[in-house]
Chemist: 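Below is one structure. I have some questions about it.
Positions are given from 1 along the sequence. Read the numbers this way: they start at 1 and go in the same order the structure lists the ligands and their atoms.
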Amino acid sequence: MILPCGKKTLTAFAAFAAIWVPVGAETLHVATPGTSLVLEATEGAPLKFVYYGERLGAADVDAMMASAPRTLDAYPVFGLGALRETAMSVTHPDGNMTLDMSVSGVSESDGADGSHTVTVSMSDKHYPFGIDVNYRTYPDADVVETWVEAVNKGKGTVLLREFASAYLPIRRSDVHLTSFYGAWGNECRMEEKRLPHGMVVINNRDGVRNSHTSHAEVMFSLDGQPDERNGRTIGAALCYSGNYNLRIDTGSSDFHDFFAGINDTHSAYNLKKGERFATPPLALTYSNEGKSGVSRNFHRWGRNHRLAHGTDLRKILLNSWEGVYFDINEQGMAQMMADIAGMGGELFVMDDGWFGAKYPRNNDVSSLGDWTVDTRKLPAGIAGLCAQAEKNGIRFGIWIEPEMVNSVSELYDTHPEYIVKPTNRPLRQGRGGTQLVLDMSNPKVQDLVFGVVDTLLTKYPQLDYIKWDANAPIMNHGSQYLSADEQSHFAVEYHRGFAKTLDRIRAKYPDVTIQACASGGGRANWGVLPWFDEFWVSDNTDAQQRVFMQWGTSHFFPSVAMASHISAAPNHQTHRTIPLKYRIDVAMSGRLGMEIQPKNMTDEEIAMCRKAIAEYKQVRPVVQQGDLYRLLSPYDGKGVASLMYVSPAKDEAVYYWWRLNNDVNPQLPRVTMAGLDPDALYTVHELNSIDKEPLPYEGKSFTGRYLMSNGLEFPERHNVEYSTLNDYCSYVLQLKKK
Ligand code: DGJ
């Protein structure tokens with residue numbers, strides 16, 4: 001239905017949680033249950049931003065529209081007026097570099113998933129060029145997804161120079177920015193600072209993996225220092241698998257100008273006659289319950305509307321990588337399967353090293369691309385392994401890295417034209433000195449990659465899980481497939497090809513679980529999660545560093561998607577020796593799994609893990625589907641980190657407390673809980689207990705009010721035999737409503 005612009009008032013859409021609440025023909029009120037975005041769309045004038053924040057009633061919208069200035073364009077373009085940061089700039093066929101956009105219509109549509117989309121169409125006043133600005137909402141989520149589509153309605157080619165997904169003005173006061181940075185093995189570290197004058201830029205240029213070094217998600221705390229429980233907070237996540245750019249410009253106006261979109265550096269796009277270019281969506285939320293409120297909004301939206309199988313519980317698995325690395329053989333796999341089954345696990349995943357005929361994959365220098373089982377290592381093949389899994393009563397999963405090839409492989413021998421490579425330049429090779437990236441812009445490569453998954457899943461329908469890895473950046477900047485005038489499209493076309501391939505895979509195999517792994521946490525982005533069920537947070541499995549990384553990750557991603565594994569001590573990445581209890585207590589705060597050689601574990605350790613897995617199964621629905629309350633940040637330097645999950649009905653909760661230093665008499669703070677029903681009585685039960693005596697409150701019941709206003713005390717050290725005392729201490733509590 002086209003909503004006319006002008007002064008008419010529209011009827012209907014008045015039902016509860018209506019996501020499109022027209023209060024006047026000029027006023028667009030894009031509303032979610034708890035938030036409002038208000039715009040003004042007047043035919044012949046630019047689309048104006050008026051308000052984003054707390055959900056407004058009709059009276060406030062009317063009063064605001066009668067009084068608020070309309071100084072800000074909702075989607076600023078490069079064109080007329082004084083030069084400032086813009087979301088879109090183009091060059092028309094005649095060389096004119098300006099845009100003069102105005103609203104030409106408003107339409108709306110409903111999606112099969114319950115979503116509702118409002119589209120504001122804008123046209124250039126002189127040139128045949130259009131921009132559709134879209135806002136998508138859901139009746140049960142406080143998130144607005146916004147993106148644009150640029151349309152070339154003329155005969156010549158228009159060059160897109162800048163093409164951001166969205167712009168959001170943020171009123172200046174004491175706004176603080178929360179962002180995430182990192183590196184391999186240290187992903188998603190949190191950084192918080194007052195927004196400075198000038199420009200803050202967060203971007204990615206890897207080409208393939210986009211969340212190692214920085215994240216495409218930010219929070220804005222509007223009222224000063226970021227707070228987990230209180231304060232008006234905006235959260236924004238660019239949902240894209242490729243290179244991105246987030247910019248916050250603070251100049252002379254009263255607003256911080258926030259832009260988010262594809263990184264357009266080296267990516268100018270020739271928009272041909274009749275062509276439409278859609279940007280990825282920026283997901284926005286607002287909460288007055290601080291950063292944790294923003295996280296809960298994102299988690300709920302993500303589980304219900306974006307993450308593959310977001311509302312299903314995940315299996316407890318053992319992954320073979322840190323246990324055996326490339327040393328794959330039938331006996332070893334059988335032993336690991338029996339071991340994880342014996343501990344109560346539900347799935348075994350065979351990692352790298354299982355494939356390669358002419359070139360066996362014994363290390364990282366060869367075989368990527370040759371996805372045939374190495375029968376020297378696995379005589380009974382994958383079918384044999386699936387049968388073994390079945391015998392153990394568990395499911396079987398497998399590792400692949402289908403976007404990649406080694407120059408030492410049969411695939412490269414036969415199809416060197418499939419790799420990403422510019423003309424007339426020597427090859428730069430990655431991991432192992434031989435790794436190259438396949439050109440996903442090439443439809444033949446898309447077929448090939450689809451075929452890797454299709455062959456595995458048709459031959460072995462028992463396969464339950466795929467770990468999809470990607471371990472190289474784009475180092476050779478050019479496509480052997482794209483034409484000369486499309487070379488600058490490559491970064492975009494790679495991810496279009498990736499999306500098309502994953503769409504095909506999901507259309508044929510909707511049920512298989514797929515993990516996004518990319519040298520650890522290189523693909524933690526909402527852009528990939530419609531196809532993937534979860535992501536590997538980091539190749540670093542050190543429990544203490546994971547407290548920090550998972551803390552950052554939890555800001556935008558729900559625990560059901562956050563693969564978190566118990567690994568060996570000393571840890572293979574940090575070489576730190578962390579006791580099993582602590583390793584378990586950290587891994588149990590995400591999607592629990594194991595990354596270890598069980599045959600190297602003692603009977604006592606096996607028994608501990610068996611107990612932990614049994615207990616995790618009891619609390620799994622709360623951990624994986626509950627509401628997250630971050631309570632005390634590891635970044636605060638208070639010596640403790642603490643968080644909890646509360647079931648939506650508030651009848652159950654799981655509480656975590658991890659000590660982070662080993663000082664004597666450290667005077668640790670007592671942590672108050674959150675999210676509980678103040679009037680309900682909760683019975684406390686410690687999970688993974690190792691102490692000689694139960695905690696003093698074990699089995700006792702407290703009101704939610706007491707737990708949230710006072711909290712519980714924890715001994716600073718475990719009460720264990722002197723010879724087993726160590727420098728770590730952690731507790732996990734289950735709270736059940738009486
Ligand atoms: C990188 C991943 O992050 C690891 O978990 C493992 O799968 C290796 N690749 C295998 O080569």
Chemist: Is it the case that more than 12 heavy atoms not belonging to Asn600 sit under 6.0 Å from its CG atom?
Modeler: yes

Chemist: Between Lys611 and Glu605, is there a side-chain N and carboxylate O pair less than 4.0 Å apart?
Modeler: no

Chemist: Just checking, Lys377 and Trp354: is the charged tip under 6.0 Å from the six-membered ring centre and within 45° of the axis?
Modeler: no

Chemist: Pick one: which of Tyr244, Trp531, Trp301 meets ring-ring contact (aromatic ring centres under 6.0 Å, His included) with Trp526?
Modeler: Trp301

Chemist: Keeping the roles fixed (side chain from Thr455, backbone from Val452), state whether a donor-acceptor pair exists under 3.5 Å.
Modeler: no

Chemist: Indicate yes or no: does Asp454 engage Arg506 in a salt bridge with an N to O separation below 4.0 Å.
Modeler: no

Chemist: At a heavy-atom distance under 4.0 Å, which protein residues reach ligand 1? Sort them by chain and number, would you?
Modeler: Trp321, Asp351, Asp352, Trp399, Arg431, Lys467, Asp469, Asn471, Cys517, Ser519, Gly520, Trp536, Asp539

